[in-house]
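Taking it in order: structure first as structure tokens, then the write-up.
Residue numbers run from 1 in the order of the sequence given. The analysis underlying the following values was restricted to heavy atoms, covering all of them including side chains, and did not include hydrogens, waters or symmetry mates.
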Amino acid sequence: MATGHTDPQRRERIIAATLDLIAEEGIARVSHRRIAARAGVPLGSMTYHFSGMDELLREAFGHFTDHIVAVFDAHLGTAADRDQARAAVADLVHALSEGSQRDLVLTQELYTLAARQPAYRELTHEWMRRSRVHLEKHFDPDTARQLDALIEGLTLHRALAREPHGRALTREAITRITTPARRTP
């Protein structure tokens, strides 16, 4: 094994190994020893780079949320108008639900952790805020909040369904949320 002086990517490998183990086996099975073995680093590197498991998990999930926000940006960043933004949101839902099983599992693991521990809840709040920034470029804040929840829900339902719904249903749901209600006289 390389020493820290000749292994400048050690910290990043530990974070990546942490996320891989969480995705494969669940957060309950993650330990310093298992992460170190997975990352190919000495066990002492764990406490050298992180004050404890909590700091490591927060940083690892921070890296994960950065990745998902980048996915949002990749889909929504080029939309020039509301119609393109609607199509981009539909593409995002389908990309997330048909894409990486790892991302889906990590999302649910983070949500479960956030439901139990306030420090992780703050991480999810920041993640949602950052995701809504992309949506608010095209929609008002309330609509962006609704769309953010819709994206999460439709992604999960599509990913776990025996027969996932098609793009038409996704587009219809997005259109319903993003079309202003008509006022009756």
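- Between the OG1 atom of Thr65 and the CG atom of Leu106 there is a distance of 11.0 Å, given to the nearest 0.5 Å.
- Residues in residues 107-117 take part in these side-chain hydrogen bond (donor to acceptor under 3.5 Å, both in side chains) pairs, two or more places apart or across chains: Tyr111-Glu152.
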> Yes or no on side chain to side chain contact (heavy atoms under 4.5 Å, CB included) for Arg86 and Asp91, after CA distance, side-chain angles and deciding distance?
Replying inline: CA-CA 9 Å; Arg86 286 180 179 129; Asp91 291 343; over 6 Å; no

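- Interatomic distance, CG of Leu113 versus CG of Leu123, reported as 9.0 Å (0.5 Å rounding).
- With contacts defined as side-chain heavy-atom distances shorter than 4.5 Å, the pair Val89/Arg171 does not qualify.
- Asp54 contributes atom CG, which lies 12.0 Å from atom CD of Glu59 (distance to the nearest 0.5 angstrom).
- Note on Leu156: it does not cluster hydrophobically with Leu96, by side-chain heavy-atom contacts below 4.5 Å among ILVMFWY residues.
- Residues Leu135 and Val69 fall within the same hydrophobic cluster, defined by Ile, Leu, Val, Met, Phe, Trp and Tyr side chains chained together at heavy-atom separations under 4.5 Å.
- With rounding to the nearest 0.5 angstrom, the OG atom of Ser131 is 8.5 Å from the CD1 atom of Ile68.
- Closest approach of Ala88 to Leu76, counting heavy atoms only: CB-CD2, 3.6 Å.
- A salt bridge between Glu24 and Arg102 is absent, with no side-chain N of the basic residue lying under 4.0 Å from a carboxylate O of the acidic one.
- The ring-ring contact (aromatic ring centres under 6.0 Å, His included) pairs that include a residue from residues 14-47 number zero, where partners must be two or more places apart or lie in different chains.
- Evaluation of the salt bridge (Lys or Arg N to Asp or Glu O under 4.0 Å) rule for Asp66 yields Arg130 as partners, not counting sequence neighbours.
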>> Please determine whether side chain to side chain contact (heavy atoms under 4.5 Å, CB included) holds for the pair Phe61 and Ile22, giving the CA-CA distance in whole Å, both sets of side-chain angles, and the decisive distance to 0.1 Å.
In response: CA-CA 10 Å; Phe61 277 122; Ile22 292 168; 4.0 Å; yes

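- Going from atom NE2 of His49 over to atom CD of Glu12 covers 8.5 Å, rounded to the nearest 0.5 Å.
- Applying the side-chain contact (heavy atoms from CB on, under 4.5 Å) rule to Arg29 yields the partners Glu25, Arg34; only residues at least two apart in sequence or on another chain are considered.
- Taking 4.5 Å as the limit, every side-chain heavy atom of Ile35 sits out of range of all side-chain heavy atoms of Val41.
- Here the OG1 atom belonging to Thr47 is positioned 11.5 Å from the CG atom belonging to Leu56, to the nearest 0.5 angstrom.
- A ring-ring contact (aromatic ring centres under 6.0 Å, His included) check over residues 138-179, counting only residues at least two apart or in different chains, returns nothing.
- Using a 4.5 Å cut-off between side-chain heavy atoms of Ile, Leu, Val, Met, Phe, Trp and Tyr, with links allowed through other members, Leu104 and Leu110 fall into different hydrophobic clusters.
- Sequence neighbours left out, not one pair with a member in residues 68-82 passes side-chain hydrogen bond (donor to acceptor under 3.5 Å, both in side chains).
- By the side-chain contact (heavy atoms from CB on, under 4.5 Å) test, Ser97 is found to be paired with Thr155, Arg158, Ala159, residues two or more places apart in sequence or in another chain being considered.
- The salt bridge (Lys or Arg N to Asp or Glu O under 4.0 Å) analysis of residues 141-150, with sequence neighbours excluded, yields the pairs Arg132-Asp148.
- There is no path of hydrophobic side-chain contacts, each under 4.5 Å, that joins Ile27 to Val105.
- Residue Arg121 comes nearest to Ala115 through the heavy atom pair NH2-O, 3.1 Å, listed as atom of the first residue, atom of the second, then distance.
- You'll find the side chain of Met46 reaches within 4.5 Å of the side chain of Leu43, heavy atoms only.
- With sequence neighbours excluded, the residues forming a side-chain contact (heavy atoms from CB on, under 4.5 Å) with His67 are Phe64, Val71, Asp103, listed by chain and number.
- Contacts of Glu163 classified as side-chain contact (heavy atoms from CB on, under 4.5 Å), with partners at least two apart in sequence or in another chain: none.
- Under the 4.5 Å side-chain heavy-atom criterion for Ile, Leu, Val, Met, Phe, Trp and Tyr, Met128 and Leu147 are members of distinct hydrophobic clusters.
- Judged purely by atom type and a 3.5 angstrom limit, Glu55 uses its side chain to pair as donor or acceptor with the backbone of Ser51.
- Between the side chain of Arg38 and the backbone N or O of Leu21 there is no donor-acceptor pair closer than 3.5 Å.
- A search for side chain to side chain donor-acceptor pair (under 3.5 Å) contacts involving Thr124 returns nothing, not counting sequence neighbours.
- Under the 3.5 Å distance criterion, the side-chain polar atoms of Thr178 are matched with a main-chain donor or acceptor of Ile174.
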> Are Ile15 and Phe50 close enough, and set up right, to give a side chain to side chain contact (heavy atoms under 4.5 Å, CB included), and what steps lead you there?
Replying inline: CA-CA 10 Å; Ile15 290 169; Phe50 303 96; 3.8 Å; yes

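- Here Arg129 pairs with Glu126 under the salt bridge (Lys or Arg N to Asp or Glu O under 4.0 Å) rule; sequence neighbours left out.
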> Step by step, would you call Leu57 with Tyr120 a side chain to side chain contact (heavy atoms under 4.5 Å, CB included)?
Replying inline: CA-CA 9 Å; Leu57 290 176; Tyr120 295 94; 3.4 Å; yes

